[in-house]
Amino acid sequence: MSAASEAGLTGLAPYASDSARSRGRRFPQPEAPTRTAYQRDRDRVIHSTAFRRLVYKTQVFLNHEGDLFRTRLTHSLEVAQLARSIARSLRLNEDLVEAIALAHDLGHTPFGHAGQDALHASLQALADPDSDGDALGWGFEHNLQSLRVVDQLEERYPSFDGLNLCFETREGILKHCSRANAQRLEVQEPGGVAARFLNGGSPSIEAQLCNLADEIAYNAHDIDDGVRSGLLSLEQLAEVPLFERFRAQALTDHPKLEGRRLLFESIRLMLSEQVYDVIRTTQAAIDVLNLPDADAVRRAPPLVAFSPAMRAESQVLKSFLLRNLYRHPQVMETTDRARRVVSDLFTRYLDAPEEMPDSHVLPHASPRQRARAVADYIAGMTDRFAIREHERLFGRVLFP
Ligand code: MG
């Protein structure tokens with residue numbers, strides 16, 4: 001049996017990524033008899049250790065603050081769902097979209113952005129005395145870390161590190177990359193996934209879609225979690241035109257609607273309109289270009305987008321969430337403690353590597369490699385494991 005192909009099955013658009021024309025894997029492997037290359041990538045992501053840890057990692061609210069808030073895992077599932085819906089409508093490759101979406105946050109530290117900021121600061125503080133202004137650790141970028149997870153850190157195969165995913169999946173995972181890190185990646189993999197951050201160009205249309213689906217997902221679910229937590233109210237949300245429009249429509253359709261059902265109906269209408277907007281705007285951008293294949297997308301300007309009006313409204317929602325939720329004193333207070341846990345752990349493991357499992361202790365490695373091994377160990381932790389480690393090593397309970 002030859003490998004399955006999406007081509008005759010779903011009528012992929014010519015500019016969609018076709019697994020049969022993939023740029024392939026870093027280590028050649030025979031194709032699977034019943035699954036396409038991207039289906040296989042999705043399966044590898046789901047079976048990875050890093051994927052299972054996402055359930056115990058913070059999205060906005062710390063994992064132990066409540067059982068009903070989004071975690072990195074449920075967030076990733078919501079991104080995959082939204083991206084697949086849009087992909088099917090635009091005749092893009094759903095399997096690739098799903099693989100990228102499920103993997104996009106694998107590199108996140110415990111405690112969401114607070115943990116990432118703390119780890120970045122810890123690495124940056126280790127200036128290398130032997131090189132001009134080069135920070136020893138090169139900092140921490142969560143997109144790059146997601147790529148490190150699938151390229152290097154997962155230990156599941158007999159003859160190579162990582163999951164050996166296809167180029168297109170890895171390209172989508174590396175959503176952003178600093179120029180300095182792109183240059184280092186380019187040395188290891190010339191013309192590879194980092195090249196576009198140096199030479200310009202776009203990623204595949206599926207990668208672009210996952211990027212926007214991520215934003216649509218977290219804007220919507222952070223409203224839900226914000227109201228559920230009591231930190232946001234429906235009254236406050238009246239200042240967000242995008243939300244208020246659909247709340248008013250929900251009340252016109254169902255005059256007696258209130259409470260959580262009103263919230264859910266408003267979010268549902270908002271999500272649907274955003275999805276339709278992306279489909280319309282993206283299709284219009286595609287229609288004016290001649291895109292004979294997936295590589296034509298890489299040479300074209302970004303295609304997947306909101307309309308200008310929806311982009312502006314989404315921006316208002318984002319800054320509302322920043323002001324009223326992500327910077328809410330109650331959220332900031334827990335993120336301060338989370339930052340403390342991560343930077344304390346980093347300092348301690350660097351001084352006393354024997355506190356880590358043997359696999360992370362590299363006695364003969366350079367200071368840079370040892371710092372990176374500590375960062376990898378911490379980045380892989382779940383919230384509760386990091387809290388327990390901090391209690392074990394410092395004897396203080398920061399999260400009672
Ligand atoms: Mg995300």
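The shown structure was predicted, so the numbers you read here are calculated from the model rather than taken from an experiment. Counting starts at 1 for both ligands and their atoms, following the listed order.
Ion pairing of E265 with R247 is absent here, as no side-chain N (NZ or NE/NH1/NH2) approaches a carboxylate O to less than 4.0 Å.
Between S146 and G107, the closest heavy-atom pair is OG-N, 2.8 Å. Across Q152 and D161, no two heavy atoms sit closer than the pair O-CB, 3.4 Å. When every heavy atom of R196 is checked against every heavy atom of P203, the shortest pair comes out as NH1-CD, 3.4 Å.
The distance cut-off of 2.8 Å around the Mg ion (ligand 1) captures these protein N, O or S atoms, sorted by chain and number: H75 NE2, H104 NE2, D105 OD2, D214 OD1.
Between H113 and H120, the gap from one ring centroid to the other reaches at least 6.0 Å.
A continuous path of Ile, Leu, Val, Met, Phe, Trp and Tyr side chains, each step under 4.5 Å between heavy atoms, connects V193 with V45, placing both in one hydrophobic cluster.
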